[in-house]
Amino acid sequence: MKLNFRSIAVASALGVVALSAQAGLTIPINGTVSNSVQKFPDDVLAMMGLAYVKIEARGTATPVGTVFETEGQSNVNAFNMPVTKIVIGTKPLIASGSAVGSALVFSRYDVDTGERFLQLTLANFTIDYGRKQVLADVTPLGGSTAKQQAIYNFNVATPLGLKYKFPLSITGHEVLDKLMLTPETKASYTNALELQVFETPTLDMDFGTLTQDISLKLRSRPVSTKPYVAN
């Protein structure tokens with residue numbers, strides 16, 4: 001049997017997740033077909049659309065959902081962010097997973113000129129399982145970046161379980177739901193997008209789900225691990 005040496009290396013590394021609890025061990029998986037998809041609920045997209053907020057993928061993130069139309073704005077409802085690394089902890093075994101290089105940009109347009117005038121960028125996402133929070137670099141247009149700010153609290157709907165199939169097939173599936181914005185990120189949205197009082201209730205809504213699918217299958221080209229820097 002002819003085995004790919006990269007496959008063996010990745011399999012050996014991921015095997016540590018099940019066979020040990022070596023705290024602090026970072027495993028790069030940017031060469032594998034491992035992805036995190038955030039799906040926004042229709043009611044959130046409806047409220048954002050009425051506020052003329054546009055959501056765009058930047059860096060290594062890509063739109064993968066369907067288009068949701070409102071009177072004010074159309075938005076795709078789901079975005080894929082390649083997982084670039086996981087970190088092993090002691091409890092739970094996987095302490096965190098990151099999508100370094102991915103970004104989502106939230107912009108408001110002037111309805112008369114059609115030009116962007118306000119913007120908030122969330123980039124380089126990390127799921128912190130110990131704190132049950134999603135972290136990201138948060139940058140308002142023209143402002144300074146808050147590195148790895150907690151942006152969501154979450155609930156684990158489907159715990160991550162790695163499945164092994166002889167000889168080198170490893171897959172994992174996980175769903176996190178009830179993505180609720182943290183107080184500091186509500187403030188980031190409000191200030192960066194200059195939300196009016198009647199628009200801020202959107203920030204108290206459930207921002208959807210994050211679905212992680214981990215696979216040993218190799219990408220044709222590894223995803224860049226360079227952090228996304230907001231303009």
Side-chain angles (χ1 to χ4, degrees), residues 24 26-31 34-40 44 48 51 53-65 75-76 78-89 94-108 116-154 174 176 178-195 200 202-203 205-212 214 222-231:
T26 298
I27 301 175
I29 59 173
N30 59 304
S34 300
N35 298 296
S36 177
V37 174
Q38 180 170 3
K39 185 176 182 181
F40 292 91
V44 170
M48 286 191 174
V53 174
K54 179 71 174 178
I55 311 172
E56 298 174 287
R58 298 284 176 82
T60 55
T62 54
V64 294
N75 275 308
V76 175
F79 296 88
N80 181 73
M81 294 164 280
V83 180
T84 55
K85 67 178 179 180
I86 58 176
V87 176
I88 305 304
I94 297 181
S96 67
S98 299
V100 177
S102 290
L104 295 179
V105 177
F106 298 78
S107 306
R108 292 186 79 169
R116 179 184 291 116
F117 66 103
L118 296 168
Q119 180 175 293
L120 182 70
T121 300
L122 308 181
N124 307 314
F125 301 90
T126 296
I127 298 173
D128 186 324
Y129 292 99
R131 294 161 55 183
K132 286 192 175 182
Q133 290 184 318
V134 179
L135 318 178
D137 295 343
V138 180
T139 310
L141 184 63
S144 58
T145 299
K147 294 283 189 179
Q148 293 300 282
Q149 175 177 302
I151 60 171
Y152 297 121
N153 295 306
F154 65 78
E174 170 190 65
L176 309 179
K178 299 180 182 178
L179 302 181
M180 308 302 294
L181 290 175
T182 61
E184 55 267 45
T185 304
K186 289 180 184 180
S188 297
Y189 273 101
T190 300
N191 297 331
L193 300 180
E194 296 182 6
L195 298 179
T200 56
T202 306
L203 306 179
M205 301 172 74
D206 181 346
F207 269 53
T209 60
L210 276 171
T211 300
Q212 284 65 246
I214 308 300
V223 174
S224 171
T225 58
K226 183 179 179 180
Y228 182 87
V229 178
N231 296 327

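Along the sequence shown, residues carry numbers from 1.
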Taking the side chain as every heavy atom from C-beta outward, state whether [X] and [Y] have any atom pair closer than 4.5 Å.
X	Y	result
T139	Q119	no
M180	D206	yes
L210	F154	no

What distance separates [X] [atom1] from [Y] [atom2], expressed to the nearest 0.5 Å?
X	Y	atom1	atom2	value
I127	S36	CD1	OG	4.5 Å
I94	E174	CD1	CD	7.5 Å
N75	K54	CG	NZ	5.0 Å
T60	N80	OG1	CG	8.5 Å
Q38	Y152	CD	OH	4.0 Å
T26	I86	OG1	CD1	9.5 Å

Smallest separation among heavy atoms of [X] and [Y], with atom names:
X	Y	value
I151	T185	CA-OG1, 3.1 Å
L122	A136	CB-CB, 4.4 Å
L120	A192	CD1-CB, 3.8 Å
K186	L181	CE-O, 3.6 Å
Y129	G97	CE1-N, 4.1 Å
L193	F106	CD2-O, 3.6 Å

- Task: Report the residue from T126, T145, N124 that forms a side chain to side chain donor-acceptor pair (under 3.5 Å) with D137.
- Result: N124
- Message: Could you check whether T182 and Q133, counting side-chain N and O atoms only, form a donor-acceptor pair closer than 3.5 Å?
- Response: no
Checking [X] side chain against [Y] main chain: does a donor-acceptor pair fall under 3.5 Å?
X	Y	value
S224	K226	yes
T84	V100	yes
S188	E184	yes
R108	E194	yes
N30	V223	yes

- Query: Where do I55 and V76 land on the side chain to side chain contact (heavy atoms under 4.5 Å, CB included) test, with the steps shown first?
  - Reply: CA-CA 8 Å; I55 311 172; V76 175; over 6 Å; no
- Steps toward side chain to side chain contact (heavy atoms under 4.5 Å, CB included) verdict (L203, L195): CA-CA 10 Å; L203 306 179; L195 298 179; 3.9 Å; yes
